[in-house]
Amino acid sequence: MHCCVYHDERLIGKRWLYHAFLFVPLTREMPFLSDLRKIREKTGWQGELHFERLNNTRTQNDCAKSWIASYLGGHSNQCRFYFLGVDQCSLARELWDRKVRDFKIYNRFFQVGLYSAIKWLFLNPKAGFRKVRIEKVFSDSKSRSLEDRFHTQPIEDIEFSAEIRNEAISFDSKTVVEVDSDHRKEVEFPHASHIVQLVDLLAGAMSQMFDNTSKHEGKHLLARSLWAQDLSSGIMKYDFTSKFYKKIGLSFFPKFKLSAKEILDPSVLHRKNSFYTQRILSFTETRQGVLAPSLF
């Protein structure tokens with residue numbers, strides 16, 4: 001698997017931090033982008049797509065919904081998606097230095113999510129890949145402090161862990177590339193901006209299913225689009241016959257409240273009871289999903 005990774009995150013209040021990753025093989029990048037652009041032309045929406053800004057604008061909602069449908073309807077066969085939810089209320093946040101707390105937690109679980117995704121989606125007997133080579137990792141640009149090593153540390157940590165475990169994971173670029181999520185403003189990598197927008201929509205729709213935080217019709221449209229595809233059979237009921245099995249994955253952390261010292265101890269992240277796979281789907285109110293088992 002030779003691919004690029006596209007990332008975005010979502011925060012729900014002070015509790016949930018979500019990291020979302022989309023893996024796009026280099027051979028599929030141009031067809032994928034072509035379909036996204038065709039949908040823009042067809043629906044008439046040429047602006048940025050951002051889940052948080054979806055409202056009742058018909059052209060915007062139609063474009064966002066069609067993007068999700070295009071991904072789930074065909075591109076998910078090659079382009080893999082992974083969603084990690086972190087319960088920050090169970091991380092004993094007060095034990096971190098206040099000056100570095102937020103970005104340390106953010107970066108730590110960006111690395112955990114990316115590493116988990118690579119192993120869950122690709123490096124297992126059922127996935128059928130022998131090695132993973134990542135050309136670039138793209139992420140929505142953020143304002144970061146000088147002490148924040150987001151651009152390099154997660155990749156360094158993954159490569160170190162992969163080396164000591166003899167795992168076939170490599171990065172052509174050792175730096176996470178931040179792009180403007182508005183393709184009209186992004187100069188160097190406008191193509192990456194389109195795909196980062198899709199990741200934002202997928203992450204938002206996932207979080208809406210679990211948290212149901214918005215009453216806007218546009219956000220409900222995307223959540224219903226995911227639910228209508230019966231994702232539960234592939235990623236909530238662990239059904240290997242589903243078309244989404246090993247194509248889309250998700251996990252939540254931690255199962256029990258942990259101290260900062262425990263979080264920073266790599267051995268903790270390898271205990272199966274630290275990750276869990278069941279959460280109430282607030283969007284449906286009466287259903288409970290059983291999610292795909294954690295990588296660890």
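What you are looking at is a predicted structure, and each value in this text was computed from that prediction instead of being measured. Index from 1, following the sequence. What's counted below: heavy atoms across the whole structure, side chains too, no hydrogens, waters or symmetry copies.
The two atoms that bring Asp87 and Trp16 nearest to each other are N-CZ3, 3.6 Å, heavy atoms only. For the pair Gly218 and Asn61, the tightest heavy-atom approach, listed with the atom from each and the gap, is CA-OD1, 3.4 Å. Minimum heavy-atom separation, Ile12 to Ser207: CD1-OG, 4.2 Å. Nearest approach of Phe252 to Leu250, heavy atoms of both residues: CZ-CD1, 3.9 Å. Annotation for Gly113 and Phe21: closest pair C-CE1, 3.5 Å, computed over non-hydrogen atoms. Minimum interatomic distance between Lys219 and Phe51 (heavy atoms only, all atoms of both residues): CE-O, 3.2 Å.
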Using the rule given for salt bridge (Lys or Arg N to Asp or Glu O under 4.0 Å), can you reason through Glu48 versus Arg53, listing the C-alpha separation, both sets of side-chain angles and the distance that settles it, and then say yes or no?
CA-CA 9 Å; Glu48 178 184 3; Arg53 299 187 194 120; 3.2 Å; yes
Stepwise side chain to side chain contact (heavy atoms under 4.5 Å, CB included) check, Phe103 with Arg149:
CA-CA 9 Å; Phe103 76 74; Arg149 295 190 58 222; over 6 Å; no
Going through the checks in order, is the side chain to side chain contact (heavy atoms under 4.5 Å, CB included) test met by Met30 and Leu33?
CA-CA 5 Å; Met30 294 316 298; Leu33 283 166; 4.2 Å; yes
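Between Phe150 and His7, the ring-plane angle classifies as tilted under the 30° and 60° cut-offs. Relative orientation of the Phe32 and Tyr71 rings is tilted, given thresholds of 30° and 60° on the angle between their planes.
Shown here is Lys142, whose NZ atom has more than 12 heavy atoms of other residues, nucleotides or ligands within 6.0 Å. Atom CZ of Arg58 has 12 or fewer neighbouring heavy atoms from other residues, nucleotides or ligands inside a 6.0 Å radius. Within 6.0 Å of NZ in Lys174 there are more than 12 heavy atoms belonging to other residues, nucleotides or ligands. Around the CD atom of Glu156, the shell of radius 6.0 Å holds more than 12 heavy atoms that belong to other residues, nucleotides or ligands.
Between the side chains of Gln197 and His183, at least one donor-acceptor pair of N or O atoms lies under 3.5 Å. Between the side chains of Glu9 and Tyr106, at least one donor N or O lies within less than 3.5 Å of an accepting N or O. Remark: the Asp35 side chain and the His75 side chain contain an N/O donor-acceptor pair separated by less than 3.5 Å. In this structure, a donor-acceptor pair under 3.5 Å is absent between the side chains of Asn107 and Gln111. Asp211 and Thr213 share no donor-acceptor pair across their side chains, judged by distance under 3.5 Å alone. Looking at Ser170 and Glu159, their side chains never bring a donor and an acceptor atom within 3.5 Å of each other.
A salt bridge is defined here as a Lys NZ or Arg NE, NH1 or NH2 lying under 4.0 Å from an Asp or Glu carboxylate O, and Arg144 with Glu178 meets this definition. Between Arg10 and Asp8, none of the side-chain N atoms (NZ, or NE/NH1/NH2) sits under 4.0 Å from a carboxylate O, so this pair counts as no salt bridge. Here Lys136 does not pair with Asp172 in a salt bridge; the nearest charged N to carboxylate O distance is not below 4.0 Å.
Of the possible polar contacts, one joining the Ser116 side chain to the Val112 backbone as a donor-acceptor pair under 3.5 Å is found. Between the side chain of Ser66 and the backbone N or O of Cys63 there is no donor-acceptor pair closer than 3.5 Å.
Here the two rings, on Tyr82 and Phe23, have centers that are 6.0 Å apart or farther.
Applying the salt bridge (Lys or Arg N to Asp or Glu O under 4.0 Å) test to every pair with at least one member in residues 183-205, sequence neighbours left out, gives these pairs: Asp182-Arg184.
Remark: Asn212 CG to Gln208 CD distance equals 5.0 Å, nearest 0.5 Å.
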